[in-house]
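These notes are about the structure you will find just below.
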Amino acid sequence: MDKPRTYEAEYKKEAVKLAKEVGAKMTSESLKIPYGTLYDWIEKVFIRQAINTHS
């Protein structure tokens, strides 16, 4: 079984930024990141922003 791939924080940040511009599906395909993985990153950013705006 393959070892899970790890991604640097900066890579995740840039991938989420790109997803906001062109969409998650296109981003996951172009960067060869599983869609679910990218979606998780986007969701975490969304939650973090929501918490920060309500603090």
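As the structure is a prediction and not an experimental result, all values here were calculated from the model.
Applying the side chain to side chain donor-acceptor pair (under 3.5 Å) criterion to Glu29, with sequence neighbours excluded, gives Lys25.
Heavy atoms of other residues, nucleotides or ligands lying less than 6.0 angstrom from OH of Tyr7 number more than 12. Within 6.0 Å of CD on Glu8 lie no more than 12 heavy atoms contributed by other residues, nucleotides or ligands.
Hydrophobic clustering (ILVMFWY, side-chain heavy atoms < 4.5 Å, transitive): Trp41 and Ile47 are in distinct clusters.
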Please table the atom pairs, donor to acceptor, closer than 3.5 Å between any side-chain atom in residues 30-39 and protein atoms at least two apart or in another chain.
| residue | atom | partner | partner atom | Å |
| --- | --- | --- | --- | --- |
| Ser30 | OG | Met26 | O | 3.2 |
| Ser30 | OG | Thr27 | O | 3.2 |

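For the pair Lys17/Val45, no side-chain contact is recorded, criterion being any heavy-atom separation below 4.5 Å from C-beta on.
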